[in-house]
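Reviewing the structure listed below.
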Amino acid sequence: MGVALRDLAADCRETVDLDALSGIAAIDAHNALYQFLSIIRQPDGTPLMSADGQITSHLTGLLFRTANLVEKGLRPVYVFDGTPPTFKQETIDQRREVRTRAGNAWKEALRVGDIAEAYKQASASARVDASIIGTAQELLTLLGIPWVQAPSEGEAQAAYMARKGSVRFAVSQDYDSLLFGSPVLVRNLTVSGRRKMRGRTITVSPERIVLDAFLDCLGITREGLVEIGILVGTDYHPGIKGVGGKTALKLVRGGEFESVIAERLPEFDPAPIKEFFLNPPVSDDYHLAWSPPDTAGVIEMLSGRFDFSPERVEGALEKFSVKARQKTLDQWF
DNA sequence: CAGACCAA
DNA sequence: TTGGTCTGT
């Protein structure tokens, strides 16, 4: 779905300066952690690790990105996934299989000395497991940054919080939060806009997609957007082979969703997936509060247990209190 | 990804 | 100020 919707979004989005963004941002925690784990690695693919072998790539990413967002006056809240719907199981199994294969290909690339291939395969083998999630939550708590446990999909919970007005926008690289009804989605929420693409470094700005404008731009309703997602494929079903964004948009606008599903996928009932996007399990059981970081606790964790340089950690922590208060006029804590 | 450092 | 390279754990 990601690629297909990106094509449709091309003319219906706006790039924004990070400084123009303010307020509370509900960040898709799984999406952020996965990115950190896949990208923050040594050239041969080895992730950053403490001396005793615990992976720390996600903690590095989380610390510095959160510090930067806070310094810019944004208030992040991280939303963690809960129990996935049963119809996601096939996708989950497939992804595990792909990761396992990539892990083997990583070892093989190292054996033959292909460093670039090793990095690529290592990235693809990245897995957000329980210890990654646990240490991420522990760090956020020490940083004084709230996190929310979603009952089901994190993107659905983030969208619900945005719709309620608890947060100003959802943050993810995926488009799912729009299908879940988030009024605003921000992608590429990074500070240094540099990104390596095919060897070259290009500048990437945050990208804001406003749901109502997006739907107007495409001439569809939110239900129609969900139908497009189902046709091109979602986390819950592969969709119809050969149908991309353009074709899906045409079919949905022509009211042919049901008929083309009946014709091409007679065994498939899209109703539960449609219902899941339009009315997902969400929770009101959250409380958003930001507090100054527990400086000693963060250093104890990151430097004491994970071998981070205390100087680097302290430098990041400074962005949470001093500068943040200087930069924002309104009371922050 | 983000920070540190260096060169143009 | 911008862009490149190296490093972080």
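Sequence lines set the chain letters: A, B, ... in the order given, protein chains first and strands last, and positions in each chain run from 1.
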Taking CD1 from A:I40 and P from C:dC6, how many angstroms apart are they, rounded to a whole number? 19 Å

Rounded to whole Å, CG of A:L18 lies from C1' of B:dC1 at a distance of 14 Å

Pairs involving residues 6-35 of chain A, ordered by first then second residue, that meet disulfide bond (SG atoms under 2.5 Å apart) (sequence neighbours left out): A:C12-A:C217

Just one of A:K88, A:E90, A:E153 clears the side-chain hydrogen bond (donor to acceptor under 3.5 Å, both in side chains) bar with A:Y236, so which one? A:E153

Between C:dT7 atom P and A:D44 atom CG, what is the distance in whole Å? 13 Å

Nearest whole angstrom, please: distance from the P of C:dT9 to the CD1 of A:I39. 19 Å

For A:Y160, which fellow cluster members are found when Ile, Leu, Val, Met, Phe, Trp and Tyr are connected by side-chain heavy-atom distances below 4.5 angstrom, either directly or through intermediates? A:V282

Of the nucleotides C:dT9, B:dC1, B:dG3, which one has an atom closest to the side chain of A:N68? B:dG3

A:K72 NZ to B:dA2 P, straight-line distance once rounded to whole Å: 12 Å

Can you tell me how far P of B:dC1 sits from CZ of A:R187, to the nearest Å? 12 Å

Does the side chain of A:Q89 pick up a donor-acceptor pair with the side chain of A:D93 at under 3.5 Å? yes

A:E223: partners by salt bridge (Lys or Arg N to Asp or Glu O under 4.0 Å), with sequence neighbours left out: A:K274

Can you tell me if the side-chain N/O atoms of A:R312 get under 4.0 Å from OP1 or OP2 in C:dT9? yes

N or O in side chain of A:R65 less than 4.0 angstrom from B:dC1 OP1/OP2: no

Side-chain N or O of A:K319 less than 4.0 angstrom from OP1 or OP2 on B:dA2? no

Distance check needed: C:dC6 C1' versus A:R41 CZ, whole Å only. 18 Å

When rounded to whole Å, the CZ to C1' distance for the pair A:F36 and B:dA2 reads 9 Å

Heavy atom of residues 50-61 of chain A under 4.0 Å from DNA chain C: which residues? A:S50, A:T56, A:T60

Side-chain contact check for A:Q42: nearest option of B:dG3, C:dT9, B:dC1 is C:dT9

Residue pairs fulfilling disulfide bond (SG atoms under 2.5 Å apart) with at least one residue in residues 107-146 of chain A, sequence neighbours excluded: none

A:E117: which residues meet the salt bridge (Lys or Arg N to Asp or Glu O under 4.0 Å) condition with it, sequence neighbours left out? none

